[in-house]
Amino acid sequence: MRARIAAVPAGEEPTRPRGLLDRVPSGGLVVCSIASVQFGSALAATLFDLTGPAGTVLLRLVFGSVVLMAVWRPRLAGRHSRQLALAAVFGVVLAAMNLSFYEALDRIPLGIAVALEFVGPLTVALLGSRRRLDLVWVLLAAAGIALLTRGGTNGLDALGVGFALLAGVFWGIYILLNARLGRSFEGGTGLALAMCVGTLLVVPFGVAEAGSDLLSGEALLLGAAVGVLSSAIPYSLEVEALRRIAPAVFGVLMSIEPAMAALAGYLVLGQHLGGRALAGIALVIIASVGAARRGGEPAVAL
């Protein structure tokens, strides 16, 4: 999970020298971003035996915050209290979303967790719609979830399913707050401040669960890799992609995220999914593509 920002209108983007990323097609940037996030999540799961889900979240947020603070160097001086309050609320949502997702990932396969979590962005994409066609996407998503949970939670950890759906709720809230954050702060400065707030909130949970294991060489090395893969790399790729890609197209591309998660879970964690689970993931992807093509804003996540 990671942050996405709103597209910058072409007329407002200053002229800048061409870099390496300018040579990569925008669609390729988005796909690489998705791969980075999901393989980062798979790598994070390998840390659970050492630091637990909460400890892993703490490591990810610490290293992600360090990178974002170094890149954006946000200043508190001169900020309106409403801006700081918004960043603080955003940080609370970040912490809750990541804790919920990693707790789900500790209990159910990555591909299923991401597919269930996608209910949040899908709901936001369909909010306020009065088109009958959008009912199709709702029904497809519901059918996908039914297949993933076999009509209940048979074969899956019920608490893991609950945590994945809770993460989706926070993802939906994150989407709604993201637009306001983008209007209130320049670049990624708001996200950097929110990440710091989220990190502070997770400290008690992470320390209580992992203790001194957080400072082991293995934990620090893997935590740094997770922070870079899940935050720094995808954020940089998406900033560049959103300079040149339409929001609706971006949303459609993001809909492959559950499939990429299933692939990462298989390659890194050896998680084999049956035909029923793969069909459920496919239905969620189709529903997400349909919802995104109606012209709404792309999903936003951390």
Side-chain angles (χ1 to χ4, degrees), residues 1-7 26-39 41 97 100-101 104-105 108-149 161 164-179 234 237-238 241-242 245-265 273 276-302:
M1 297 156 48
R2 76 282 190 187
R4 283 175 211 133
I5 61 173
S26 54
L29 293 174
V30 178
V31 171
C32 289
S33 171
I34 294 170
S36 181
V37 167
Q38 297 309 329
F39 278 89
S41 294
M97 181 172 62
S100 301
F101 179 73
L105 184 55
I108 60 178
L110 175 59
I112 294 178
V114 172
L116 292 172
E117 186 195 25
F118 237 73
V119 172
L122 182 59
T123 300
V124 171
L126 295 172
L127 279 176
S129 172
R130 293 180 174 83
R131 299 192 324 168
R132 292 183 179 179
L133 179 61
D134 287 332
L135 180 61
V136 174
W137 313 132
V138 174
L139 294 175
L140 283 176
I145 292 171
L147 285 174
L148 289 170
T149 59
V161 170
L165 293 174
L166 180 62
V169 171
F170 284 116
W171 193 354
I173 297 172
Y174 183 100
I175 293 169
L176 298 175
L177 289 177
N178 184 67
L237 294 177
E238 288 174 7
L242 284 167
I245 197 170
V249 176
F250 183 83
V252 169
L253 289 171
M254 292 310 307
S255 299
I256 71 171
E257 198 151 5
M260 186 67 75
L263 177 62
L273 300 180
R276 183 190 293 264
L278 292 175
I281 290 174
L283 288 178
V284 171
I285 291 173
I286 293 171
S288 299
V289 170
R293 286 180 64 85
R294 62 187 291 271
E297 288 299 313
V300 184
L302 180 79

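For Leu263, the side chain to side chain contact (heavy atoms under 4.5 Å, CB included) test picks out Met260, Leu267, with sequence neighbours left out. For the side chain to side chain contact (heavy atoms under 4.5 Å, CB included) test, residues two or more places apart in sequence or in another chain that qualify with Ala264 are Gln38, Phe39, Ala42, Leu110. Here Val169 pairs with Ile173 under the side chain to side chain contact (heavy atoms under 4.5 Å, CB included) rule; sequence neighbours left out.
Taken from CG in Leu140 to CD1 in Ile285, the straight-line distance is 12.0 Å, to the nearest 0.5 Å.
Taking all atoms of both residues into account, the shortest heavy-atom contact from Ala115 to Ile281 is CB-CG1, 4.0 Å. Between Leu273 and Ala262, the shortest heavy-atom distance links the atoms CD1-CB, 3.8 Å. Residues Ala141 and Leu122 approach most closely at CB-CD2, 3.1 Å, considering heavy atoms. Considering every non-hydrogen atom in both Leu253 and Ile34, the closest pair reads O-CD1, 3.4 Å. Ala164 approaches Leu116 most closely through the heavy-atom pair CB-CB, 3.9 Å. Residues Phe170 and Met97 come closest through the heavy atom pair CB-CB, 3.7 Å.
Although no hydrogens or angles enter the test, the distance criterion places no donor-acceptor pair under 3.5 Å between the side chain of Ser36 and the main chain of Cys32. In this structure, Ser33 contributes its side chain and Leu29 its backbone to no donor-acceptor pair below 3.5 Å.
Val114 places a side-chain heavy atom less than 4.5 Å from the side chain of Phe101.
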